[in-house]
Amino acid sequence: MAKANTINPVRGTQDIFGEEQERFAHVVSTFDRVRRLYGFQGVQMPVIEPTAVFARSLGETTDVVSKEMYSFDDRGGDSITLRPEFTAGIARAFISNGWQQHVPLKLAAHGPLFRYERPQKGRYRQFHQIDAEIIGAAEPQADVELLAMADQLLHELGIADGVTLQLNTLGDGDSREAWRAALIDHFEAHRGALSEDSQERLQKNPLRILDSKDPRDRPIANSAPDIDAFLTDEAKAFFDAVCAGLDAAGVAWTRNSRLVRGLDYYRHTAFEFVTDRLGAQGTVLAGGRYDGLIENLGGPSTPAVGWAAGIERLAMLLDGVVAASIDAAIVPMGDAAEARAAALAAELRRAGLAVELGYKGNMKKRMQRANAAGARYAIIIGDDELARGEAALKNLADGEQRDVKLDALAEALSQ
RNA sequence: GCGAUCGUAGCUCAGUUGGUCAGAGCGCCGGUUUGUGGUACCGGAGGUCGCGGGUUCAAGACCCGUCGAUCGCCCCA
């Protein structure tokens, strides 16, 4: 418990340590391995961007821009924003650096993001995501490849059980407009029965009524028309190709015709991997196609599709605790042994072995630390062993102990 | 921005209708074992009960405020 006069962390930030950090690192390293299997290049992006990058990509009037961004004026008077997502910054970089010469471009990124909102389960003001984008590919095969990678990632993390891929299409521009008009007609007809929130949504974002959680809205949302009847031939062919591609790739999915995106630039495929294990924050990985975004930001007309996933949420779902462990802990007793142990530690580490050197406390203390560090072996060196050029090598799992020549330790530990 | 619940030891928590209620487990330190961990036993340190005010003979408990946390709503790129 912190004392009254100590400094508190910034609200919504977290100090990730120990077991939690092990899980976190496991998510990132698994992502880094899997994205290489699919030929996605890593990319490092700035954490800060001009506010206009997000204001123009997300829309000036959305809640996100108006009240959920971490923005401030720098000393030169420019408005700067801590990135709330990866996609807009990547689109900006694509334009800034003329990356159209590299399309189709498959990019992967991960790191901290910031949103100024109330913290709750799995949601922080500074949080972390992994992110994947395919830029410059208008073909449905890009959507399939992107989703196959997400699916493989979740399987390799061992959290695919209880997670389902929900898939929908928002159609092309014409499809979307026709559907939107039909939805407004439908909801206007039931206006009085809608929740207060949804009556608001009818003005600002009618598509959002479809995934409302309010029980009063559900019957009306469920009886609303699907987009299917409004899809153009091209849009229908695109969605069919995505579905067929997923089946061919062995990626399980279910249609969720109520799944929508909040922002206008989304087109065609929209998807979420959803779990029932995280309370209200059940979306584990989400994304879609945003063919209009780069053009909105002043770049060339460029199709793109991508997803992002919260590292904290993925880490929460990991079952097995990844226990930290090392190969050996050296336990020297006496000045001469300590001097020799320092050299031995360096030698073993150069040989690629993870080694801890105990230099604090009495022998019992050092043995306790060796055990706590998860060491497979303790290397005990006292004056007697030192005189013989040996160490007592104790297997901490079964308690077996034998003498080994110092210069044979690396080999003995490697077995 | 809104609602609910909760702030007691390093951690997880118990504390009855206000009256020895400053407690437990784990962890930490030490000992049983001056060179042998993980199991066992014994001992010890550690808290102005989030903060400020109020009610009362008496407040960890009740009231008000404040800060923080958690869960949900809104939003979700």
Side-chain angles (χ1 to χ4, degrees), chain A residues 1-14 17-18 53-59 61-69 81 83-91 113-124 127 129 131 133 195-198 200-201 204-205 208 211-214 260-266 270 272 278-283 286-288 290 293 306-310 329 331-334 337 358 361-386 391-401:
Chain A
M1 184 56 57
K3 297 294 186 217
N5 60 352
T6 59
I7 298 173
N8 291 320
V10 173
R11 178 169 212 178
T13 60
Q14 12 168 22
F17 171 77
V53 167
F54 306 109
R56 285 174 63 183
S57 68
L58 301 173
T61 61
T62 59
D63 278 11
V64 174
V65 170
S66 58
K67 64 181 192 189
E68 291 175 10
M69 294 203 309
T81 293
R83 62 184 181 197
E85 61 157 358
F86 278 108
T87 305
I90 287 174
L113 303 171
F114 303 82
R115 294 180 195 175
Y116 195 86
E117 58 188 347
R118 278 297 272 278
Q120 57 181 286
K121 190 181 184 70
R123 296 179 78 164
Y124 302 92
F127 58 104
Q129 286 190 342
D131 180 275
E133 316 276 351
S195 66
E196 296 77 9
D197 284 336
S198 285
E200 280 281 315
R201 292 186 180 110
K204 299 194 310 193
N205 202 347
R208 274 282 162 196
D211 56 9
S212 169
K213 292 170 189 165
D214 194 303
V260 296
R261 303 276 79 165
L263 301 177
D264 284 342
Y265 58 68
Y266 278 100
E272 294 184 6
L278 288 181
Q281 311 303 326
T283 299
Y290 52 96
L293 176 60
W307 56 250
V331 178
M333 295 307 297
N362 58 23
M363 180 168 189
K364 179 186 174 113
K365 216 56 227 171
R366 297 181 188 197
M367 288 299 289
Q368 285 176 345
R369 286 186 210 285
N371 193 61
R376 289 161 51 225
Y377 289 94
I379 300 169
I380 301 160
I381 309 174
D383 292 338
D384 297 347
E385 288 86 353
L386 198 56
L393 184 64
K394 179 167 187 172
N395 183 325
L396 291 178
D398 60 19
E400 291 291 315
Q401 184 169 326

Closest contact, heavy atoms only, [X] versus [Y]:
X: A/F86; Y: A/Q129; value: CE1-O, 3.6 Å
X: A/E85; Y: A/S57; value: OE2-OG, 4.1 Å
X: A/A392; Y: A/Q401; value: CB-NE2, 3.4 Å
X: A/F54; Y: A/A88; value: CD2-CB, 3.7 Å
X: A/V10; Y: A/T13; value: O-OG1, 2.6 Å
X: A/E385; Y: A/I381; value: OE1-C, 4.2 Å

Across the strands shown, which category fits [X] at heavy-atom distances under 4.0 angstrom: base, sugar-phosphate, nothing?
X: A/R201; answer: sugar-phosphate
X: A/Y290; answer: nothing
X: A/A378; answer: nothing
X: A/D383; answer: base
X: A/E200; answer: nothing
X: A/G334; answer: nothing

Original post:
Mind checking what makes salt bridge (charged side-chain N to carboxylate O under 4.0 Å, His left out) contact with A/E400, not counting sequence neighbours?
Top reply: none

Subject >> With sequence neighbours excluded, residues passing salt bridge (charged side-chain N to carboxylate O under 4.0 Å, His left out) with A/E272 >> reply: A/R261

Same-atom distance ([atom1]) from [N] to [M], integer angstrom:
N: B/rU17; M: B/rC21; atom1: C1'; answer: 15 Å
N: B/rG18; M: B/rC28; atom1: P; answer: 39 Å
N: B/rG52; M: B/rU8; atom1: P; answer: 15 Å
N: B/rA24; M: B/rA14; atom1: P; answer: 16 Å
N: B/rC63; M: B/rU55; atom1: C1'; answer: 7 Å
N: B/rA22; M: B/rG60; atom1: P; answer: 9 Å
N: B/rU66; M: B/rA4; atom1: P; answer: 14 Å
N: B/rG3; M: B/rC74; atom1: C1'; answer: 11 Å

Counting only side-chain N and O atoms of [X], is one of them less than 4.0 Å from OP1 or OP2 of [N]?
X: A/Q120; N: B/rG72; value: yes
X: A/R208; N: B/rA77; value: yes
X: A/K213; N: B/rC73; value: yes
X: A/R123; N: B/rC71; value: no

**OP:** For A/Y116 and for A/M363, find the nucleotide of RNA chain B with the closest heavy atom, then tell me which residue's nucleotide is more 5'.
**Re:** A/Y116

Original post:
Which residue, A/E85 or A/P9, contacts RNA chain B at a nucleotide closer to its 5' end, judged by nearest heavy atom?
Top reply: A/P9

Value in whole Å for how far the [atom2] atom of [N] lies from [atom1] of [X]:
X: A/D214; N: B/rC73; atom1: CG; atom2: P; answer: 11 Å
X: A/L396; N: B/rU39; atom1: CG; atom2: C1'; answer: 15 Å
X: A/Y124; N: B/rA69; atom1: OH; atom2: C1'; answer: 11 Å
X: A/I379; N: B/rG37; atom1: CD1; atom2: P; answer: 18 Å
X: A/D131; N: B/rC76; atom1: CG; atom2: P; answer: 18 Å
X: A/N395; N: B/rG38; atom1: CG; atom2: P; answer: 16 Å
X: A/L293; N: B/rA77; atom1: CG; atom2: C1'; answer: 10 Å
X: A/E117; N: B/rA69; atom1: CD; atom2: C1'; answer: 17 Å

Is any side-chain N or O of [X] under 3.5 Å from a base N or O of [N], one able to act as donor and the other as acceptor?
X: A/N371; N: B/rG38; answer: no
X: A/E385; N: B/rG35; answer: yes
X: A/R261; N: B/rA77; answer: no

Donor-acceptor pair, distance only, cut-off 3.5 Å: does the side chain of [X] make one with the backbone of [Y]?
X: A/R123; Y: A/R118; result: no
X: A/R376; Y: A/A397; result: no
X: A/R115; Y: A/P84; result: yes

**OP:** Please assess A/L293 against A/T87 for the test side chain to side chain contact (heavy atoms under 4.5 Å, CB included), listing each intermediate value before the final yes or no.
**Re:** CA-CA 9 Å; A/L293 176 60; A/T87 305; 3.7 Å; yes

Original post:
Of all residues at least two apart in sequence or in a different chain, which pass the side chain to side chain donor-acceptor pair (under 3.5 Å) check with A/R201?
Top reply: A/S198

**OP:** Kindly compute the distance separating CD (A/E117) from CZ (A/R11), expressed to the nearest 0.5 Å.
**Re:** 11.5 Å

Original post:
To the nearest 0.5 Å, how far apart are CE in A/M363 and CE in A/M367?
Top reply: 5.5 Å

Expected rows: protein N/O vs nucleotides 30-34 of chain B N/O, under 3.5 Å:
from: B/rU32; atom 1: O4; to: A/K364; atom 2: NZ; distance (Å): 3.3

Subject >> Strand RNA chain B in bracket notation, Watson-Crick/G-U under 3.5 Å with | for pairs to another chain >> reply: (((((((..((((.....[...)))).(((((.......))))).....(((((..]....))))))))))))....

**OP:** Would you mind telling me which of B/rC74, B/rA77, B/rG37 lies closest to the side-chain atoms of A/M367?
**Re:** B/rG37

Are there any protein N/O atoms within less than 3.5 Å of an N/O atom in nucleotides 2-5 of chain B, and if so, which ones and at what distance?
from: B/rC2; atom 1: N4; to: A/R118; atom 2: NH1; distance (Å): 3.2

